[in-house]
Amino acid sequence: MISKNKNKKHVPNPEEFKEELLKKYPLKVAKKRAKGILVNDPKDTGMEIQANVRTIPGIITQRGCTYAGCKGVILGPTRDVVNIVHGPIGCSFYAWLTRRNQTKPPTAQDPNYIPYSFSTDMQDSNIVFGGEKKLKDAIQDAWDLFKPRSIAVFSTCPIGLIGDDIHAVCREKKAELGINIFGFSCEGYKGVSQSAGHHIANNKIFSDVIGIDLTLPRAGKFVINMMGEYNIGGDSFALESYFEEMGVTLKATFSGNSTIESYESAHDVDLNIVMCHRSINYIAEMMEKKYGIPWFKVNFIGAQATAKSLRRIAEYFGDEEVMAKTEALIARELESVKAVANKVKPLVQGKTAMMFVGGSRAHHYQELFRELGIETIAAGYEFAHRDDYEGRRVIPDIKIDADSRNIEELKVVKDKVSFKDSLVEKKKALKDKNFEFENYEGMMPEMSKNSLVIDDISHWESELLIEKYKPDIFCAGIKEKYVVQKNGIPLKQLHSYDYGGPYAGFVGAINFYNEMERMLCTDIWKMIDAPWKNEPVCVGSVVEE
Amino acid sequence: MLLRHTKKASESIERKGLTINPAKTCQPVGAMYAALGVHGCLPHSHGSQGCCSYHRTALTRHYKEPVMAATSSFTEGSSVFGGQANLLQGLSNIYSIYEPDIVAIHSTCLSETIGDDLGQIVGKARVEGQIPEGKHAVYAATPSYVGSHVTGFSNMVKGIIDYFAYKTEEVKKQLNILPGWVEPSDMREIKRMLKMMKVKYVMLPDTSDVLDEPMTGKFKMFPEGGTTIPQMASMGDSIKTIALGEWCSKDSAIHLENKCKVPFHIADMPIGIKATDRFVQVVAKAFRISVPDSLTKERGRLVDAIVDMQQYLFGKRVALFGDPDQCISLTEFLVDMGMKPVYIVSGTPGKAFEKRMASILDKKVPEAKYMNGERADLFLLHQWIKDEGVDLIIGNTYGKYIARDENIPFLRFGFPILDRIGHSYFPTVGYMGGLRLLEKMLSLIMDHEDATVAEEKFELVM
């Protein structure tokens, strides 16, 4: 039940809690899980969390697969590409419209394949005799029916095993049809989570799509790409309007409300801003190497974080007009944010939250909760790496294991035509003035002392967390939602936003504050027990005459 | 337009390799659903994590209830060397952490392709102690590249029967009811009808009181409902098996006959008047009872309501998609009400589909088009609708995109329903279910008329 007075709540000793948590596990499991569970100390920079390692079979994880990360997350939100899933029907079925990536084609004639699910629907004979022929037919069907600008092919588990060469098929059909056709070897078993799929998607978009169109004129005076923003619930729409007002041109978003067309000339920008570091940092880094485009981390979750991020973009360009417009925008928007915060904060202040989600949201959303005076007492990612917890400074120390090794690292060299030395100089000059690039400090330094940090949390771990800590709100995904709510605690989905949003930007902060008022203050939670629950049980019966 | 790239069928090509907007999904999700209808059972997916995650997600969104299941979490290594180590470790962890009585393991396209033999691995787990004394593990091969989610459901029910049902000397005067893949509300309704007829039964699976749990303030990993071990064991001694739906239940009924000599009868899913009549008669005959008046009255109320409102149904063209067992009974029901099911697709293969549809439709709705199996998908259905429109679309949530583009009333029916509630609570089987379907169809058709009819034709009384 939601506690009214947080101060009276008994807070367990975190070390004792951890011990109790591990006691349930067989010895070997406990030993492994112990490394993925930390009692946080933000000042201790030596703390190391185990992340991006194999999930223990049978433990009940919330993680998904490489295919989900590649097709579902990264390529899913792009509307002008026919995404053919090569495999049995399920994989395409489950990634069909289920991630709420909103998209808005400029006209009714512009392509939009997002409401479609394409599959080769492999049958047992295709498994036995190979599926390349069927894939070729499927690509031809897609071309005959739709004449798309590009076609992407995604391998599912059996493809790698039966040895279909999707890349050869793509090359052949590309030469034959004269459109861009590219394949992703994103079999579900690769890597240890969705994260491997992000990397595979990043690599292919970088090698086969970005920068292939050199014909377009520059998109504007101040041009950026936004990376790692997927337009769940319309987040990108909100941010797009801010850039426009600031006088900054958004060339491409990777990949909310996006087109492959916009990626093809996405090399011609001045800056890459990175929202979800985990899913997209690869492209940002490779683009800097190849084209000289600097990148820095932004966060548009939370009103203050949004203001800070927009200011940094304006400062990067250093243009008086952009900076003035940005300040005017921030001042105006913060005014409306404040009005709602003043209404909601007194109602929810002092409550506690837990969040276990994604590779960045479990961090970003703490900011929104902080603005309402709600403390995050436990958090963790589903598929992040150590740098997302501890900061990018640990990247050189991260051990490369067998599961990471089989994800290709592209060799990137300077592009002779499109590399911009001017951007390198600009970055250097700004760096000298302490402007930070390639920065991400991670989640742990921002969490309070003695809060719990748990990577790839299992069902058992979240059950005990809820029992012992009794948080007022739990944030996770659909698989956890009704489990937690059956315990009388509201769960906010941070993958799909519970079909609400946007939660990014100022308008997003307002929406989220209102949502917290709804979730934390609604009366329905007080009605779980029937009024007669504690009445004595009547014995006997009424006899009819 | 949401589906702006879909054009008329008459102007289209014949597809050779591409399925677009499928009217089916893959086997394991059906196996997972079936296993949830067994008491104290945890489904386990032997494959990549993504399978388990996707299936739990689909079922959770459909029911808005907890759906617990574990996975073998394959990595590249297990895909090369086999998944035995993962499954053994998984089983040992599941029993010690979550303490289910039963683990119901299903395979995936991954573990099937590499040739993992579930029977052998489970046998080894029993010998080596990963399955503790007194605990159970059942399994079913559910390769995603064969059949559909319906096949997976059927295979898991068969696997459960294979493990638990056994024959003793004693004959139990009870029926085995294999309800097929219907909602918890439907299982509850079938049980209510059986109680009205005073018939003893074992229903397998039974997801009522599992996927329609009340809010109590305490999560229960293994809810009250589900078929129990003694019930499943006793199925070998029942007098008869009534298997509802050829796709969902036939294999299990045959298997039970082979194993325990329990005779069976395959009946259609009791959706609509005639299919329910047949079900009721089969039950009555098997148990040698006469049908109670109370049930006859329910039937009468349904017939009465159809009579009263038939003018709004007669001649209405309907597009329908879903699973074969549901589609067959529903098509018959639509025809009985004077409606015209003109387009029907099901992604689930099986030759009987065409035969059954022909027998229902050929005389009454000769213009009807129907198709099942590969490329019998929503894209084709939509293309047909583009050729000539319909008055009502019936199918799972994905139909809403066609319905919106074409401005056609849309009845949500089948799996998955991701955007409305009701299916877990209100049945569509039996006479009461027929009444609910009728009421929903009428509301949709009449609301549409109210919203679109010319002002001078707007009616107060309908």
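Just so we're on the same page: letters track the sequence lines, and every chain starts at 1. Please read all numbers here as calculations on a predicted model, not as lab measurements.
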Visitor: Can you say whether A:Asp124 sits under 4.5 Å from chain B via the side chain, the backbone, both, or neither, judging by heavy atoms?
Guide: both
Visitor: Is B:Lys7 close to chain A through its backbone or its side chain, or both, or neither, when contacts mean heavy atoms under 4.5 Å?
Guide: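 For B:Lys7, neither part sits under 4.5 Å from chain A.
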Visitor: Please state whether the side chain, the backbone, both or neither of B:Leu59 comes within less than 4.5 Å of a heavy atom of chain A.
Guide: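 No part of B:Leu59 comes within 4.5 Å of chain A.
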Visitor: Given the options A:Gly191, A:Cys65, A:Ala138, which has more heavy-atom pairs under 4.5 Å with chain B than any of the others?
Guide: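 Among A:Gly191, A:Cys65, A:Ala138, the one with the most close pairs to chain B is A:Ala138.
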Visitor: Answer with side chain, backbone, both or neither: which region of B:Tyr63 has an atom nearer than 4.5 Å to a non-hydrogen atom of chain A?
Guide: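 For B:Tyr63, there is no contact with chain A at all, as no heavy atom is under 4.5 Å.
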Visitor: I'd like to know if B:Glu374 and A:Lys134 make a salt bridge, using a cut-off of under 4.0 Å between side-chain N and carboxylate O.
Guide: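 Salt bridge: yes.
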Visitor: Which bit of B:Ser48 is near chain A, if near means a heavy-atom gap under 4.5 Å: side chain, backbone, both or neither?
Guide: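 Just its side chain gets close to chain A.
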Visitor: Quick one: which of B:Gln89, B:His55, B:Glu65 has the most heavy-atom pairs under 4.5 Å with chain A, could you say?
Guide: B:Glu65
Visitor: Can a side-chain donor-acceptor contact be found between B:Asn155 and B:Thr142 if the only test is distance below 3.5 angstrom?
Guide: no
Visitor: Between the side chains of A:Thr61 and A:Asp456, does any donor sit under 3.5 Å from an acceptor?
Guide: yes
Visitor: With a 4.5 angstrom heavy-atom cut-off, which part of A:Ile478 approaches chain B: side chain, backbone, both or neither?
Guide: both
Visitor: For B:Glu14, is it the side chain, the backbone, both or neither that has a heavy atom under 4.5 Å from a heavy atom of chain A?
Guide: backbone
Visitor: With a 4.5 angstrom heavy-atom cut-off, which part of B:Tyr54 approaches chain A: side chain, backbone, both or neither?
Guide: both
Visitor: What residues of residues 70-78 of chain B make heavy-atom contacts with chain A at a cutoff under 4.5 angstrom?
Guide: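 Counting heavy atoms that sit under 4.5 Å from chain A, the residues of residues 70-78 of chain B involved are B:Ala70, B:Thr71, B:Ser72, B:Ser73, B:Phe74, B:Thr75, B:Glu76.
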Visitor: Heavy-atom pairs under 4.5 Å with chain B - which of A:Gly188, A:Gly64, A:Gly90 has more of them than the others?
Guide: A:Gly64
Visitor: Looking only at side chains, do A:Tyr94 and B:Thr25 share a donor and an acceptor under 3.5 Å apart?
Guide: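 Yes, because at least one side-chain N or O of A:Tyr94 sits under 3.5 Å from a partner of the opposite role on B:Thr25.
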Visitor: Can you name the nearest heavy-atom pair linking A:Gln62 to A:Glu382, along with the distance?
Guide: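 Closest approach of A:Gln62 to A:Glu382: O-OE2, 3.1 Å.
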Visitor: Identify which one of A:Phe93, A:Trp143, A:Phe146 satisfies the ring pair (Phe, Tyr, Trp, His ring centres under 6.0 Å) criterion when paired with A:Phe118.
Guide: A:Phe146
Visitor: What part of A:Pro105 lies closer than 4.5 angstrom to a heavy atom of chain B: side chain, backbone, both or neither?
Guide: side chain
Visitor: Tell me, for B:Pro214 versus chain A, whether the close heavy atoms (under 4.5 Å) come from the side chain, the backbone, both or neither.
Guide: backbone
Visitor: Please identify, among A:Cys157, A:Ala530, A:Gly477, the residue contributing the most non-hydrogen atom pairs under 4.5 Å to chain B.
Guide: A:Cys157
Visitor: For B:Pro22, is it the side chain, the backbone, both or neither that has a heavy atom under 4.5 Å from a heavy atom of chain A?
Guide: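 Both parts, heavy atoms under 4.5 Å.
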Visitor: Let's test your reading of the structure: which of A:Asp403, A:Ile56, A:Leu97, A:Ile162 forms the most heavy-atom pairs below 4.5 Å with chain B?
Guide: A:Leu97
Visitor: What part of B:Phe379 is in contact with chain A, defined as an atom under 4.5 angstrom from a non-hydrogen atom: side chain, backbone, both or neither?
Guide: side chain
Visitor: Taking it one step at a time, do A:Phe383 and A:His198 satisfy ring-ring contact (aromatic ring centres under 6.0 Å, His included)?
Guide: CA-CA 10 Å; A:Phe383 49 76; A:His198 304 149; 5.2 Å; yes
Visitor: Quick check on the interface: out of B:Asn21, B:Ile13, B:Thr60, who has the most heavy-atom pairs with chain A under 4.5 Å?
Guide: B:Asn21
Visitor: Can you tell me which of A:Val128, A:Ile89, A:Asp137 forms the most heavy-atom pairs within a distance under 4.5 Å of chain B?
Guide: A:Ile89
Visitor: Has A:Asn487 got a side-chain atom pairing as donor or acceptor with A:Ile489's backbone, closer than 3.5 angstrom?
Guide: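 No, the answer is negative, given that no donor and acceptor are paired below the 3.5 Å cut-off.
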Visitor: Answer with yes or no whether the side chains of B:Tyr401 and B:Thr6 bring together a donor and an acceptor at under 3.5 Å.
Guide: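 B:Thr6 vs B:Tyr401: no donor-acceptor pair found between side chains.
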Visitor: In sequence, state the C-alpha distance, the side-chain angles, and the governing distance for B:Ser424 and B:Asp212, and then conclude on side-chain hydrogen bond (donor to acceptor under 3.5 Å, both in side chains).
Guide: CA-CA 6 Å; B:Ser424 343; B:Asp212 56 357; over 6 Å; no
Visitor: Who among B:Ile97, B:Asn86, B:Val29 has the most heavy-atom pairs with chain A under 4.5 Å?
Guide: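 Of B:Ile97, B:Asn86, B:Val29, B:Ile97 has the most heavy-atom pairs under 4.5 Å with chain A.
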Visitor: Given the rule in the side-chain hydrogen bond (donor to acceptor under 3.5 Å, both in side chains) test, do B:Asp323 and B:His149 qualify, once you have shown the distances and angles that lead to the verdict?
Guide: CA-CA 9 Å; B:Asp323 303 336; B:His149 56 291; 2.8 Å; yes
Visitor: Heavy-atom distances under 4.5 Å only: say whether A:Asn406 touches chain B with side chain, backbone, both or neither.
Guide: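 Just its side chain gets close to chain B.
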Visitor: Looking only at side-chain N and O atoms, does A:Thr55 offer a donor or acceptor that is under 3.5 Å from a partner on B:Gln49?
Guide: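 Yes, A:Thr55 and B:Gln49 have a side-chain donor paired with an acceptor closer than 3.5 Å.
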Visitor: Which region of B:Glu99, side chain (C-beta onward) or backbone (N, CA, C, O), has a non-hydrogen atom less than 4.5 Å from a non-hydrogen atom of chain A, or is it both or neither?
Guide: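 For B:Glu99, side-chain heavy atoms alone lie under 4.5 Å from chain A.
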Visitor: How many angstroms lie between atom OG1 of B:Thr19 and atom CD1 of A:Ile84, to the nearest 0.5 angstrom?
Guide: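 Between atom OG1 of B:Thr19 and atom CD1 of A:Ile84 there are 10.5 Å.
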Visitor: Counting heavy-atom pairs under 4.5 Å with chain B, which one of A:Tyr113, A:Trp96, A:Trp460 comes out on top?
Guide: A:Trp96
Visitor: Is A:Val483 close to chain B through its backbone or its side chain, or both, or neither, when contacts mean heavy atoms under 4.5 Å?
Guide: both
Visitor: Is any side-chain N of the basic residue among A:Asp144 and B:Lys16 closer than 4.0 Å to the acidic one's carboxylate O?
Guide: no
Visitor: Check whether any side-chain N or O of B:Arg56 sits under 3.5 Å from a backbone N or O of B:Val67 as a donor-acceptor pair, and report yes or no.
Guide: yes
Visitor: So, A:Lys481 and A:Asp498, do they make that salt bridge, N to O below 4.0 Å?
Guide: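 Salt bridge present between A:Lys481 and A:Asp498.
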Visitor: Quick one: what part of B:Met1 sits under 4.5 Å from any heavy atom of chain A, side chain, backbone, both or neither?
Guide: neither
Visitor: Check each atom of A:Arg54 against the heavy atoms of chain B and say whether the ones under 4.5 Å are side chain, backbone, both or neither.
Guide: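 Side chain of A:Arg54 only, per the 4.5 Å heavy-atom cut-off to chain B.
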Visitor: Please rank B:Thr113, B:Ile20, B:Ile94 by heavy-atom pairs under 4.5 Å with chain A and give me the top one.
Guide: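 If we count pairs closer than 4.5 Å to chain A, B:Ile20 comes out on top.
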Visitor: Using ring centroids (six-membered ring only for Trp), state whether A:His459 and B:Phe219 fall under 6.0 Å.
Guide: yes
Visitor: Taking all non-hydrogen atoms of both residues into account, name the closest pair between A:Asn112 and B:His5 and its distance.
Guide: N-NE2, 3.0 Å
Visitor: Heavy-atom pairs under 4.5 Å with chain A: which of B:Val80, B:Leu418, B:Leu3, B:Thr57 has the most?
Guide: B:Leu3
Visitor: Tell me the closest heavy-atom pair linking A:Gly131 and A:His86, and the distance in Å.
Guide: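 Residues A:Gly131 and A:His86, closest heavy atoms: O-CE1, 3.3 Å.
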Visitor: Hydrogens and angles aside, do B:Tyr98 and A:Glu463 bring a side-chain donor and acceptor to less than 3.5 Å of each other?
Guide: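 On atom types as modelled, these side chains do not qualify, holding no pair under 3.5 Å.
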Visitor: Do you know which of B:Ala58, B:Gly147, B:Ser12, B:Ala69 has the most heavy-atom pairs under 4.5 Å to chain A?
Guide: B:Ala69
Visitor: Nearest heavy-atom pair of B:Pro66 and A:Lys486: which atoms, and what distance?
Guide: CG-CG, 4.0 Å
Visitor: Sort A:Ser92 into side chain, backbone, both or neither according to what part of it lies under 4.5 angstrom from a heavy atom of chain B.
Guide: neither
Visitor: So which part of B:Leu87 gets closer than 4.5 Å to some heavy atom of chain A, the side chain, the backbone, both or neither?
Guide: neither
